[in-house]
Amino acid sequence: MSDVACSSGTFLKALPTLTEYPHDLLSGRHGIVAEEKQGGHRMTDLMIVVGARPQFIKTAPVVKEISSRKINLTVVHSGQHYDPEMSAIFFRELHIPKPSVNLQSGSGSHAKQTATIMRRLEATILAHSPKIVVVAGDTNTTLAAAITAAKLNVPVAHIEAGLRSHDLSMPEEINRRLTDHCSVLLFAPTKTAMRNLRNEGLQRMAYLTGDTMVDSLRMVMPVLRSREADLLKRFKLKPRDYVLVTLHRPSNVDDSDRLREIHNALKHVAKRLRVLFLVHPRTRGRLARIKGLAHSADREFTLAPPQGYIENLALMNNASCLLTDSGGMQKESFILHVPCLTLRANTEWPETLQSGANRLINRPRMIPRETLRVALNDDLRTRITSLKNPFGDGRASKRITRLLESSLQRLK
Ligand code: UD1
């Protein structure tokens, strides 16, 4: 356990005991959502709250591990992502049990979305009395669930704690900082994340577990290999013959001038290399508002809907390079040894920047030159293939489950 629990001596002290919770907060006297009223009060050991695409991926191996033990688990879906290609497909592909509760929060401004999740989740927590609430990542769902549980004095455990981009203009940076500070169990994926937590005085609650996304990736690798050929055929692609693009950050897609510039840069790349752009719903909406752009795709520049987890990884695995602003895909491409260009000024995954495996390019006009430089560079491929994976050994979910289990025993 030495690689896991960096502060096991203080672990017990960090967790309040159940008897410390105000009774009326646990007995369900506050408003309960309609579906809960009918079901009455149920006790659960752990409640995992998910809601957006990356969370389904991050928690799938943890849910699997927990389900193999004698732990009572309730999965709650906030409803932040609701399109089948953003939600249901991940539950199917990753064999995650259907959530017991869907809060159906849907879209809205940050305050509205976060507040809706908080209001509805409060009732659900009161109805289920979880001993620990588990959250993952840095979305509005993560923050809403962490604050709601913490204010009900229910201990919060955060998977993927300690990441920092040091850019407070990103909603995710606000979410991850605040979530870490109201959690009592922090599961850090990397040594850098541990260092960040230490710098903020949170080391007492921090454990270096590794990254659960490595576990998820390993879980699907055999299926992925078996689907690659069909998938490439479907998109009429050849291995290493195309650039895979995904963009959804507000900083890239909410400003129509910038989005138009990015789109033009991609058209430029498509003169030399095929471009496959998997368009996130946020981006789809923004593209549609810019006249002439949404319909400008051709064979060399293909726009397609977001793909499932396995399809997305298979397309990444065969690309000559990835252009993205996603956090998770920077890491996945690193593990798969696919060169990555990140259209952002910073990254919460600095480990990916070593040896040029990932490069930050914030200016859209750099896209054509940099993409061709990276995509056609065999030396770079060879170099990054030999890099050590700093994200863990694929056993993060086992460590997290063990830590959760021992916390539950202490709470009894
Ligand atoms: C969210 C997360 C981001 C994560 C991303 C992965 C926050 C602040 N951001 O961003 O960290 O990387 O998910 O996808 O939580 N929409 C649909 N269908 C859906 C979901 C969303 O059409 O199933 C549209 C809505 O119109 C919405 C927009 O996409 O306004 C954005 O969705 P939202 O959940 O606010 O954030 P994302 O951009 O997806």
Side-chain angles (χ1 to χ4, degrees), residues 49-60 77-92 94 99 102-118 121 135-148 158-161 163-165 167-180 213 216 245-255 258-259 277-289 294 303 305-309 311-313 316 322 324-333 342-344 346-349:
V49 186
V50 292
R53 185 169 61 175
Q55 282 154 347
F56 311 138
I57 300 165
K58 281 165 204 173
T59 56
H77 192 319
S78 73
Q80 175 171 351
H81 284 174
Y82 42 85
D83 283 351
E85 78 257 25
M86 297 295 286
S87 176
I89 188 165
F90 295 92
F91 282 80
R92 249 192 341 267
L94 290 162
N102 190 322
L103 304 175
Q104 299 183 344
S105 65
S107 305
S109 68
H110 284 279
K112 198 171 158 220
Q113 189 174 57
T114 310
T116 306
I117 300 170
M118 287 178 69
L121 183 65
V135 299
D138 53 19
T139 70
N140 288 343
T141 296
T142 315
L143 177 63
I147 297 182
T148 308
H158 186 199
I159 298 173
E160 203 181 82
L163 298 197
R164 298 292 180 265
S165 67
D167 176 1
L168 275 173
S169 70
M170 285 179 74
E172 293 82 2
E173 181 72 359
I174 300 168
N175 293 345
R176 52 176 90 100
R177 285 191 193 202
L178 296 178
T179 300
D180 283 342
M213 279 182 98
S216 313
V245 181
T246 78
L247 298 167
H248 73 276
R249 297 263 163 225
S251 58
N252 280 326
V253 307
D254 284 5
D255 172 349
R258 184 171 169 97
L259 186 56
F277 188 175
L278 303 179
V279 187
H280 184 282
R282 170 188 281 276
T283 314
R284 182 175 60 212
R286 301 297 191 259
L287 277 173
R289 287 187 211 164
L303 302 181
Q307 300 295 301
Y309 179 53
E311 283 73 16
N312 189 51
L313 282 175
M316 197 191 311
L322 170 72
T324 191
D325 58 10
S326 150
M329 285 177 74
Q330 292 174 53
K331 199 172 44 188
E332 286 162 344
S333 65
T342 299
L343 197 59
R344 279 173 49 185
N346 48 57
T347 178
E348 56 282 358
W349 297 107

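Order of listing sets the numbers, starting from 1, for every ligand and every atom in it. Reckoned from all heavy atoms, side chains included, excluding hydrogens, waters and symmetry mates.
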A.B. asks: Please state which part of R53 comes within less than 4.0 Å of ligand 1, counting heavy atoms only: side chain, backbone, both or neither.
C.D. replies: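 The side chain, only.
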A.B. asks: Do you know the tightest heavy-atom contact between K331 and W349?
C.D. replies: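 That closest heavy-atom pairing would be NZ-CZ2, 3.1 Å.
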A.B. asks: Which ligand 1 atoms are under 4.0 Å away from a heavy-atom of Q113?
C.D. replies: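 Under 4.0 Å from Q113, ligand 1 has these atoms: 34 (O), 35 (O).
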A.B. asks: If you count the atoms of ligand 1 from 1 in the order shown, which ones are under 4.0 Å from a heavy atom of H110?
C.D. replies: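 So the atoms of ligand 1 that pass are 8 (C).
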A.B. asks: Does the salt bridge (charged side-chain N to carboxylate O under 4.0 Å, His left out) test come out yes or no for E160 and R176, once each step is laid out?
C.D. replies: CA-CA 9 Å; E160 203 181 82; R176 52 176 90 100; over 6 Å; no
A.B. asks: Near D83, which atoms of ligand 1 are under 4.0 Å from a heavy atom of that residue?
C.D. replies: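 Atoms satisfying the 4.0 Å criterion: 17 (C), 18 (N), 19 (C), 22 (O), 23 (O).
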A.B. asks: Of the side chain and backbone of S87, name the one, both, or neither that has a heavy atom under 4.0 Å from an atom of ligand 1.
C.D. replies: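 Contact part for S87 vs ligand 1: neither.
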A.B. asks: Checking side chain to side chain contact (heavy atoms under 4.5 Å, CB included) between M316 and each of L322, T246, T324, L278, which is the one that passes?
C.D. replies: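 Only one of L322, T246, T324, L278 forms a side chain to side chain contact (heavy atoms under 4.5 Å, CB included) with M316, namely L322.
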A.B. asks: Should you measure from each heavy atom of S107, which atoms of ligand 1 turn up under 4.0 Å away?
C.D. replies: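 Every atom of ligand 1 under 4.0 Å from some heavy atom of S107: 25 (C), 26 (O), 27 (C), 30 (O).
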A.B. asks: Of the side chain and backbone of M86, name the one, both, or neither that has a heavy atom under 4.0 Å from an atom of ligand 1.
C.D. replies: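 M86 to ligand 1: side-chain contact only, backbone stays beyond 4.0 Å.
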A.B. asks: Between D138 and E173, is there a side-chain heavy-atom distance shorter than 4.5 Å?
C.D. replies: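 No, every pair of side-chain atoms sits at 4.5 Å or beyond.
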A.B. asks: Ignoring hydrogens and angles, tell me if any N or O in the side chain of N252 forms a donor-acceptor pair with the backbone of R258 under 3.5 Å.
C.D. replies: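 No, N252 side chain to R258 backbone: no donor-acceptor pair under 3.5 Å.
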A.B. asks: Going by distance only, is there an N or O of T141 that falls short of 3.5 Å from an N or O of ligand 1?
C.D. replies: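 No.
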A.B. asks: Taking the side chain as every heavy atom from C-beta outward, state whether Y309 and E332 have any atom pair closer than 4.5 Å.
C.D. replies: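 Yes, their side chains come closer than 4.5 Å.
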A.B. asks: Pull out every atom of ligand 1 sitting under 4.0 Å from any heavy atom of Q80, numbered as shown with elements.
C.D. replies: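 Near Q80, the atoms of ligand 1 are 1 (C), 7 (C), 15 (O), 20 (C), 33 (P), 34 (O).
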A.B. asks: Nearest heavy atom to atom 17 (C) of ligand 1 wins, so pick from P281, G108, S326, G328.
C.D. replies: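 Among P281, G108, S326, G328, the closest heavy atom to atom 17 (C) of ligand 1 comes from P281.
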A.B. asks: Return the option from E172, E85, H280 holding the heavy atom at the smallest distance from atom 14 (O) of ligand 1.
C.D. replies: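 Among E172, E85, H280, the closest heavy atom to atom 14 (O) of ligand 1 belongs to H280.
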A.B. asks: Does the ring centre of H77 sit less than 6.0 Å away from the ring centre of F91?
C.D. replies: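 Yes: the rings meet the under 6.0 Å criterion.
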